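FYI, the numbering just counts along the sequence from 1. Note that the structure is predicted; figures quoted are calculated from it, not measured.
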Amino acid sequence: MLTFNQLIILFCLHKLQGERTIYSIYHLLHGKKSSQTIQDAHLFQLTPFFQTDTNMSRELLEKNISFLLNEQLIVEKANQHYSVTLKGENRLNQALAQTPIPNHLNGWKYQRTAIVFWERLSLAIQVISHLKKRESKYIPIQRKADTLLWMRQFLKQNRLSRDALGLQLYEELVMCLESDFSIVPEYLVIRLSGFRSMGLTESQAAQTFQMELSYYHYHFLSTLHYVTGYIEENPGQLPILHSFLGKSQKHQLTNSTEKTYALLKQGNSVTDIMTIRGLKKSTIEDHLVELALNIKSFSIDSYVSIEKQELIKKAAKAVQTKQLKQIRSMVSNTDYFEIRLVLAKYGEEL
């Protein structure tokens, strides 16, 4: 029987098809904001797992790889590159049937927002429930300075009475959690603290539901991602919860890429941006790849000719790989940046 962590690793290895090292999985689960990790998450359709297990250590990853290897579920193709065996595929399918990956998991799209949302939601419920009881002596469930500052500002700006605020927050949360029959509200609710009521830790919640810790962890995140997405789609119906989300981001871009994108929209060239920002050409190219990954309307025609785009796409389909070296060997007078950009734009279609 595979643990859920082992299932996730085996699932990722199956998607990667031996084209990346095992440490690409480590960087994926930690949400590393590198061009390589972001592009791999999209190319190999692993975006749901982005930044979903920051507790995964290299040692634990290597231990799980050793287990999968000893069980003959994977085979080493090259140094730290593994492919899944037929036995591994069968075991993976069996494990997925017993413990399926939660439906609403979407780390790339929601994890950053969901972390902030959970900190604010859990603190708000604790604070408002104590205010209603006129009790000021308690230890805040969240200790981050910026979260506590946000809470003070939220209460100062909100004009509802504490009773009315508590009722509206309750009704909005119920609306979210009852909007999809596949959601199990208890996965989230059991973690919330209130007046004379302490929410459970992740480990305690897993024990309560008689679930493996990592399996509960992913179900909790899936529920949180669903709620975050539902609030984003229905801001008018959920004004209190929507205020918990923080600044809305139209695109999931890193801060540095956002700055480059703003300069591009002002008509600056790559050379101009290198000078303005004092960055290397390779860094700006990484930003362009990230833009191609995340913004459908972003055109790459200025950086790769349409003719060359077609050649690269044909080569990628022919070799059935995302390895840049093999694709480059089939397309003359092209560089790795051009290949990366085309794969970023069209990789999921190839």
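Between the side chain of Asp286 and the backbone N or O of Thr283 there is no donor-acceptor pair closer than 3.5 Å. Remark: the backbone N or O of Phe49 is paired with a side-chain donor or acceptor of Thr52 at under 3.5 angstrom. Side chain of Glu172 to backbone of Leu241: a donor-acceptor contact under 3.5 angstrom is found. Proximity of a side-chain donor or acceptor of Lys87 to a complementary backbone N or O of Glu71 within less than 3.5 Å is detected. At distances below 3.5 Å, at least one donor-acceptor pair connects side-chain atoms of His30 with backbone N or O atoms of Met56. No donor-acceptor pair under 3.5 Å is formed between the side chain of His225 and the backbone N or O of Pro48. With hydrogens and angles ignored, the 3.5 Å screen pairs a side-chain donor or acceptor of Gln126 with a backbone N or O of Ile139. In terms of modelled atom types and a separation under 3.5 Å, the side chain of Asp335 and the main chain of Glu338 share a donor-acceptor contact. Asn268 places no side-chain N or O within donor-acceptor distance of the main-chain N or O of Ile273, the cut-off being under 3.5 Å.
In the hydrophobic cluster analysis, where Ile, Leu, Val, Met, Phe, Trp and Tyr join through side-chain heavy atoms closer than 4.5 angstrom, Tyr187 is grouped together with Ile190. In the hydrophobic clustering of this structure, Val174 does not group with Phe117; members are Ile, Leu, Val, Met, Phe, Trp, Tyr whose side-chain heavy atoms approach within less than 4.5 Å, directly or through other members. Two different hydrophobic clusters hold Ile115 and Ile38 under the rule that ILVMFWY side chains link at heavy-atom gaps under 4.5 Å. In the hydrophobic clustering of ILVMFWY residues, with side-chain heavy atoms under 4.5 Å counting as a link, Leu200 and Ile125 come out together. Under the 4.5 Å side-chain heavy-atom criterion for Ile, Leu, Val, Met, Phe, Trp and Tyr, Leu173 and Leu155 are members of the same hydrophobic cluster.
The structure places OH of Tyr110 at 11.5 Å from CG of Leu224, a figure rounded to the nearest 0.5 Å. Put simply, OG1 on Thr99 and OH on Tyr218 are 12.5 Å apart, with the number rounded to the nearest 0.5 Å. Rounding to the nearest 0.5 Å gives a distance of 9.5 Å between OG of Ser302 and CG of Leu264. Rounded to the nearest 0.5 angstrom, Gln237 CD and Glu171 CD are separated by 12.5 Å. Interatomic distance, CG of Asn158 versus OG of Ser243, reported as 7.5 Å (0.5 Å rounding). In this structure, Ile300 CD1 and Lys345 NZ are separated by 7.0 Å, a value rounded to the nearest 0.5 Å.
Counting heavy atoms from C-beta on, the side chains of Phe44 and Leu28 never come closer than 4.5 Å. For the pair Phe67/Leu2, a side-chain contact is recorded, criterion being any heavy-atom separation below 4.5 Å from C-beta on. By the 4.5 Å heavy-atom criterion applied to side chains, Thr223 and His104 are not counted as neighbours. Counting heavy atoms from C-beta outward, Gln309 and Tyr346 have side chains that approach closer than 4.5 Å. Tyr230 is not listed as a side-chain neighbour of Asp180, based on a closest heavy-atom distance of 4.5 Å or more. Considering only heavy atoms from C-beta on, Gln98 comes within 4.5 Å of Met1 through its side chain. Counting heavy atoms from C-beta on, the side chains of Thr21 and Asn79 never come closer than 4.5 Å.
With ring centers used as reference points, Phe154 lies under 6.0 Å from Phe244. Ring pair Phe195/Tyr138: centre-to-centre distance not below 6.0 Å. Checked against the 6.0 Å centroid criterion, the rings of His27 and Tyr23 do not qualify as a close aromatic pair.
Closest approach of Lys313 and Val342 over heavy atoms only: CG-CG1, 3.7 Å. Contact between Gln111 and Phe50 at its shortest, heavy atoms only, is CB-O, 4.2 Å. Between Arg340 and Ser35, the shortest heavy-atom distance links the atoms NH2-OG, 2.5 Å.
In the model, His287 has a side-chain atom that pairs as donor or acceptor with a side-chain atom of Ser256 under 3.5 Å. A side-chain donor-acceptor contact under 3.5 Å links Thr257 and Thr254.
No more than 12 heavy atoms of other residues, nucleotides or ligands shown are found within 6.0 angstrom of CG on Asn333. Residue Arg58 qualifies as enclosed at atom CZ: its count of foreign heavy atoms under 6.0 Å is above 12. Lys308 NZ: more than 12 foreign heavy atoms inside a 6.0 Å radius. Counting heavy atoms of neighbouring residues, nucleotides and ligands inside a 6.0 Å radius, atom NZ of Lys281 does not exceed 12 of them. In this structure, Lys259 places its NZ atom where only 12 or fewer heavy-atom neighbours from other residues, nucleotides or ligands lie under 6.0 Å away. Heavy atoms from other residues, nucleotides or ligands lying under 6.0 Å from CG of Leu149 number more than 12.
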* Trace of the side-chain contact (heavy atoms from CB on, under 4.5 Å) decision for Ile65 with Leu13 -> CA-CA 10 Å; Ile65 290 294; Leu13 289 173; 3.8 Å; yes

